[in-house]
Amino acid sequence: MTNKDKKMEVLELFGVEMWPQEKIEAFRAALLSWYDIEKRDLPWRENHDPYRIWVSEIMLQQTRVETVIPYFLRFMELFPTIADLAAADEDMLLKAWEGLGYYSRVRNLQKAAIQIMEDYGGEMPKDPAEIRTLKGIGPYTAGAIASMAFQLPEPAVDGNIMRILSRLFEIDADIAKPGNRKVFEAVLREIIDPYRPGDFNQALMDLGSSICTPKNYHPENSPVKAFNQSYINETWEKYPVKSKKKKAQPVFYAGVLLRNEKGEFLLEKRPEKGLLANMWTFPLIERPDFEQQLFSNGKLKGTVPAAITDNIVSELDKKLTANYHISLVLMKRPLAEATHIFTHLKWTIAVYFGRVEKENSSELPASCKWVAPEDFQHYVFPGPQIKMWEAYQKKFKHKSSSF
DNA sequence: AAAACGGGGGA
DNA sequence: TCCCCAGTTTT
């Protein structure tokens, strides 16, 4: 069986009716002439530099264009070439990414830069299959680089494109199912413009961000409405078909701000694997019982019996003393709450404050440090940490002493 | 195939 | 406030 037959089989399997060649060509012309007028001016579109396109595509994963632009410009100043990226200090790299989220993206970015230095003489490979082997580059990004930097007719299927294609062709495949991506790739391979594949892919992305949006969708405004099967058939409200994901699981913590006599706070570096790897937070102690004891509907209760708060403080005290070899005085009640929602977890943190009267620095775990607030800027803080610190500052903004 | 992995914008 | 956005790696 030829490749052509295989592609057609996928399309048939999902009930996709491919357009005749003339319609495909008319669609390309309509889409590209719209793009030539309406395309967004973006810093990574200034040229076809594969490095710039690559970095921008990684930043744009799960992140909006407006958010990415300042990060991208700063990143290019700090690490102008693949060689600079490969040689960069990891802390500097992470700092440059701070606030963008999904921090494994930047770690993989550097791993890939090192791969490119070692295996490809510092030049991004042109073969899509080779691009695909680089760390952090999956089918979407490989297609994006191949088409935009090297003008190869490769599909780059992201959520936007699945949404657009499902509306254009009335495709019923659930776009939430990873396995269904191949349908959209097969469709895109059929219709992609062979002369301007990079522009074609980018035109679809611009269409997805401006007109073919997830919500407030008005197909009558689309430059390609004449090709839009779901618009013609008035079925467009059905597309894309997308199953729901389950919501974030709640997790409860005590987050403890510990201040020593020098005015420094105890920071702890998270493990090098897992959530928020290698980032710094105030000590966090998981407390499943807080859901009942301290919170109602995710908010701190107004009143909590003294017997309960006393018991919690005594347990926290014991744990902190054992972990950090300090002697301390904790506030009786949390001074605030901080919440942070991840894709799969919802953290609710009761923020405590404590004064440390005696510390044994020789027994402080290697992952911990006493740091003055002026020096916080040198540490990479994830969202929950920033919220804990803001909660503390808000509480004590107008007071000189602690309690 | 499903879960892990952040943060921000909009209704 | 809740809901939504979505690509790659790991399990």
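Sequence lines set the chain letters: A, B, ... in the order given, protein chains first and strands last, and positions in each chain run from 1.
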Shortest non-hydrogen contact from A:D91 toward A:V380: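 Closest heavy-atom pair between A:D91 and A:V380: O-CG2, 4.5 Å.
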
Ring centres under 6.0 angstrom apart (A:F265, A:W389): yes

Quickly work out the [X] [atom1] to [N] [atom2] distance and round it to whole Å.
X: A:L109; N: C:dT8; atom1: CG; atom2: C1'; answer: 13 Å
X: A:M59; N: C:dG7; atom1: CE; atom2: P; answer: 17 Å
X: A:Y103; N: B:dG7; atom1: OH; atom2: C1'; answer: 8 Å
X: A:K387; N: B:dG8; atom1: NZ; atom2: P; answer: 8 Å
X: A:R132; N: C:dG7; atom1: CZ; atom2: C1'; answer: 11 Å
X: A:I161; N: C:dC5; atom1: CD1; atom2: P; answer: 16 Å
X: A:K346; N: B:dA3; atom1: NZ; atom2: P; answer: 20 Å
X: A:R107; N: C:dT8; atom1: CZ; atom2: C1'; answer: 15 Å

Looking at [options], which one has an atom nearest to any side-chain atom of [X]?
X: A:D158; options: C:dT10, C:dG7, B:dG7; value: C:dG7
X: A:T141; options: C:dC4, C:dT8, B:dG7; value: C:dT8
X: A:T67; options: B:dG8, B:dG7, C:dT10; value: B:dG8

Donor/acceptor link under 3.5 angstrom from A:Q62 side chain onto base of B:dG6: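 Donor-acceptor pair under 3.5 Å: no.
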
For a quick test of reading the model: is some side-chain N or O of [X] closer than 4.0 Å to OP1 or OP2 of [N]?
X: A:N160; N: C:dA6; answer: yes
X: A:K299; N: C:dT1; answer: yes
X: A:N216; N: B:dA11; answer: yes
X: A:H344; N: B:dA3; answer: no
X: A:Y102; N: C:dT9; answer: no
X: A:H340; N: B:dG7; answer: yes
X: A:R163; N: C:dA6; answer: yes
X: A:K111; N: C:dT9; answer: no
X: A:K215; N: C:dC3; answer: no

B:dG6 to C:dT11 separation - P atoms, rounded to the nearest Å: 14 Å

Pairwise C1' distance for C:dA6 and B:dA3, with rounding to whole Å: 14 Å

N/O donor-acceptor pair under 3.5 Å between A:Q110 side chain and A:L85 backbone: yes

Salt bridge A:D206-A:R40, side-chain N to carboxylate O under 4.0 Å: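 Yes, charged N to carboxylate O under 4.0 Å.
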
Lys NZ or Arg CZ of A:R167 over A:Y217 ring: under 6.0 Å, within 45°: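 That pair qualifies as a cation-pi contact.
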
Touch class at under 4.0 angstrom, heavy-atom based, for A:I137 against every strand present: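 The residue A:I137 makes sugar-phosphate contact but no base contact.
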
Any donor-acceptor N or O pair under 3.5 Å, side chains A:S210, A:E38: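 There is no such pair (donor and acceptor under 3.5 Å, judged by atom type) between the side chains of A:S210 and A:E38.
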
A:D172 and A:Y239: side chain donor to acceptor below 3.5 Å: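 Per modelled atom types, A:D172 and A:Y239 side chains form a pair under 3.5 Å.
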
Residue mapping more 5' on DNA chain C - nearest nucleotide basis, A:K273 or A:G159: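 In this pair, the answer is A:G159.
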
Pair assignment for B:dG6, Watson-Crick or G-U wobble, requiring both distances under 3.5 Å: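 Partner of B:dG6: none.
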
Upstream residue (5' side of DNA chain B) when A:R64 and A:L276 are each assigned their closest nucleotide: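 The residue whose closest nucleotide sits nearer the 5' end is A:L276.
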
